[in-house]
Amino acid sequence: MNPENKKEISELRQDPVGRDWVIISTGRAKRPGEYKSSTSPGQETPIEICPFEDPKRHGNEVVKSFSRKGESDWFVQVVNNKFPIAHGNACHLEEKRGPYSVQTQASGYHEVVITRDHRKSLAQMSVDEVEIVVGAYKSRYLDLEVKDCAKYILIFHNHGRDAGATISHPHSQILAIPYIPADVRRSLEGSANYHSERKRCVHCDILEWELKEKKRIIFENENFAALVPYVPKFSYEIRIIPKKHQPYFEEDGNTRDLAEALKVSLAKIFKGLNNVAYNFFIHTPPSDRNNEYDYYHWHMEINPRVNTWGGFELGTGGDVISVDPDEAAEYLRGIKI
């Protein structure tokens, strides 16, 4: 059979051992492939064929636009992903195939958050501009959380080919799916267990200790602290944590202070690590917003892609960090932006 004539698969399959869901979405293979020859984070998608330079002209369905204050033209444009990981609202259609549970459509919603400038990354933007991006994240989260099949919503950003960005034009993504991913579930369970044992929020305790130690704080303002975690998953990892306990990202009203902490953190990585590829994402509870998750404390993770996973990491799920977190923090703290 000609591979191009194969039927596309878009479904969820659950591993009966770990109970984790996996999305099978073969349509993703049709994404633009002109840029596969280079893995450099600085490799630029040619502007004349960039699908994000003028999203509507390139056939992207625009969901919402956001402008700079006093301007009418768009600065951030949110579009439906043309090659979605998940789409539709058939999440209730589940069947058994041997020992496996299968949802016969990988339901959900997948949007792309595009910034106007073809070359200017978030690290190079002003705090005002990053605030517009963060505001777009919140706006779209609030619109998506009420939809069917949107049990969990992930906001994430890939910078550089090594971080999964096939198009260099700066953009973030928002993915709403009908299940709680494995890593998120473990984070929720760990936070709940800590709260049950100590009657305190684990992230509040972490932040209190870090603010007292001062060794790994790289930036702070009135409402947020950016730090290199004592137990990181990546070398030079940065976490941005609200100083006040708040379970839900979308309910946190300190958008400008978050924008400042994010801009400063990314600028330090951009300058200090020579524009290395990175991913960042927002950890927040499932989108039902009930009191069940009051123990949780939302936060952001920024993971520079300086690690290469080998057999130990892949075989165990464990991490080996080659840079002392104290030294990483000292280095990043000293980067002037």
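All figures in this text were calculated on a predicted structure; none of them were measured in a lab.
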Just by distance, no angles: are the side chains of [X] and [Y] close enough, under 3.5 Å, to form a donor-acceptor pair?
{"X": "Asn279", "Y": "Asn158", "answer": "yes"}
{"X": "His157", "Y": "Gln173", "answer": "no"}
{"X": "Ser287", "Y": "Tyr141", "answer": "no"}
{"X": "Glu44", "Y": "Ser168", "answer": "no"}
{"X": "Asp252", "Y": "Gln246", "answer": "no"}

Discussion item. Ring-plane angle category for Tyr230 and Trp209, please: parallel below 30°, perpendicular beyond 60°, tilted otherwise.
Written reply: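 Plane angle over 60°, so perpendicular.
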Is [X] reaching over with its side chain to a backbone N or O of [Y], donor-acceptor style, under 3.5 angstrom?
{"X": "Asn307", "Y": "Ser235", "value": "yes"}
{"X": "Lys263", "Y": "Ala123", "value": "yes"}
{"X": "Lys69", "Y": "Asp128", "value": "no"}
{"X": "Lys64", "Y": "Gln77", "value": "no"}
{"X": "His159", "Y": "Ala165", "value": "no"}
{"X": "His245", "Y": "Tyr296", "value": "yes"}
{"X": "Ser187", "Y": "Asp183", "value": "no"}
{"X": "Arg13", "Y": "Gln103", "value": "no"}
{"X": "Thr316", "Y": "Gly318", "value": "yes"}
{"X": "Asn193", "Y": "Glu189", "value": "yes"}

Is it true that [X] and [Y] have a side-chain N and a carboxylate O under 4.0 angstrom from each other?
{"X": "Asp73", "Y": "Arg68", "answer": "no"}
{"X": "Arg239", "Y": "Glu237", "answer": "yes"}
{"X": "Asp20", "Y": "Arg185", "answer": "yes"}
{"X": "Lys215", "Y": "Glu327", "answer": "no"}
{"X": "Lys214", "Y": "Glu220", "answer": "yes"}
{"X": "Asp54", "Y": "Arg57", "answer": "yes"}
{"X": "Arg200", "Y": "Asp205", "answer": "yes"}
{"X": "Lys120", "Y": "Glu129", "answer": "yes"}

Before you tell me yes or no, could you show the steps for His195 and Val202 under side-chain contact (heavy atoms from CB on, under 4.5 Å), namely the whole-Å CA-CA distance, both residues' side-chain angles and the distance that decides it to 0.1 Å?
CA-CA 7 Å; His195 188 269; Val202 62; over 6 Å; no
Report the distance from atom NE2 of His169 to atom CD1 of Ile47, rounding to the nearest 0.5 Å.
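Between His169 NE2 and Ile47 CD1, I get 8.0 Å after rounding to 0.5 Å.
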If you count the non-hydrogen atoms of other residues, nucleotides and ligands that lie under 6.0 Å from CD in Glu330, is the total more than 12?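 No - once you tally the heavy atoms of other residues, nucleotides and ligands closer than 6.0 Å, there are 12 at most.
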Are side-chain heavy atoms of [X] and [Y] found at a separation under 4.5 Å?
{"X": "Asn223", "Y": "Lys244", "value": "yes"}
{"X": "Phe156", "Y": "Ser172", "value": "no"}
{"X": "Ile240", "Y": "Ile302", "value": "yes"}
{"X": "Leu273", "Y": "Tyr236", "value": "yes"}
{"X": "Ser121", "Y": "Leu266", "value": "no"}
{"X": "Pro285", "Y": "Tyr295", "value": "no"}
{"X": "Met300", "Y": "Phe280", "value": "yes"}
{"X": "Gln124", "Y": "Phe270", "value": "yes"}

Handout entry: Distance-minimising heavy-atom pair for Ala261 and Phe224
Key =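 So the minimum-distance heavy-atom pair works out to CB-CB, 4.1 Å.
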If I compare all heavy atoms of Ala90 with all of Ser107, which pair ends up nearest, and what's the gap?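 Looking at all heavy atoms of both residues, the closest pair is N-OG, 2.9 Å.
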Restricting to pairs with a member in residues 80-103, which pass salt bridge (charged side-chain N to carboxylate O under 4.0 Å, His left out), not counting sequence neighbours?
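For residues 80-103: Glu11-Arg97, Glu95-Arg97.
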Practice item. Any pair with a residue in residues 144-156 that passes salt bridge (charged side-chain N to carboxylate O under 4.0 Å, His left out), sequence neighbours left out, goes on the list, sorted by first then second residue, please. Key: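 Only Glu145-Arg289 qualify under salt bridge (charged side-chain N to carboxylate O under 4.0 Å, His left out).
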Self-check item: hydrophobic_cluster_shared for Leu144 and Phe66, side chain cutoff 4.5 Å
Solution: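 Result: yes, single cluster for both.
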Original post:
Going hydrophobic residue to hydrophobic residue with side-chain gaps under 4.5 angstrom, can you get from Tyr152 over to Tyr248?
Top reply: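 They do share one cluster, since a chain of ILVMFWY contacts under 4.5 Å joins Tyr152 to Tyr248.
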Under the rule for ring pair (Phe, Tyr, Trp, His ring centres under 6.0 Å), what residues qualify as partners of His299, not counting sequence neighbours?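 With neighbours one apart ignored, the set is His203, His283.
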Any residue meeting ring pair (Phe, Tyr, Trp, His ring centres under 6.0 Å) with His58, in chain and number order, not counting sequence neighbours:
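So His58 forms no ring pair (Phe, Tyr, Trp, His ring centres under 6.0 Å) with any residue.
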As a quick check of understanding, evaluate side-chain contact (heavy atoms from CB on, under 4.5 Å) for Phe234 and Glu301, giving each step before the final call. CA-CA 10 Å; Phe234 291 79; Glu301 287 188 19; over 6 Å; no
Q. Can you check side-chain contact (heavy atoms from CB on, under 4.5 Å) on Tyr137 and Ile282, steps first, answer last?
A. CA-CA 10 Å; Tyr137 293 163; Ile282 297 173; 4.2 Å; yes
Checklist line | Sequence-distant partners of Cys91, disulfide bond (SG atoms under 2.5 Å apart), two or more places apart | finding: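 Cys91 satisfies disulfide bond (SG atoms under 2.5 Å apart) with Cys149 only.
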Residues two or more places apart in sequence or in another chain: which of them pass side-chain hydrogen bond (donor to acceptor under 3.5 Å, both in side chains) with Glu292?
->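 Partners of Glu292 under the side-chain hydrogen bond (donor to acceptor under 3.5 Å, both in side chains) test: none.
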What's the verdict on side-chain contact (heavy atoms from CB on, under 4.5 Å) for Trp74 and Arg116, showing C-alpha distance, side-chain angles and the deciding distance? CA-CA 7 Å; Trp74 68 274; Arg116 188 61 184 261; 3.2 Å; yes
Lys NZ or Arg CZ of Lys138 over Phe249 ring: under 6.0 Å, within 45°: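 Verdict for Phe249: a cation-pi partner in Lys138.
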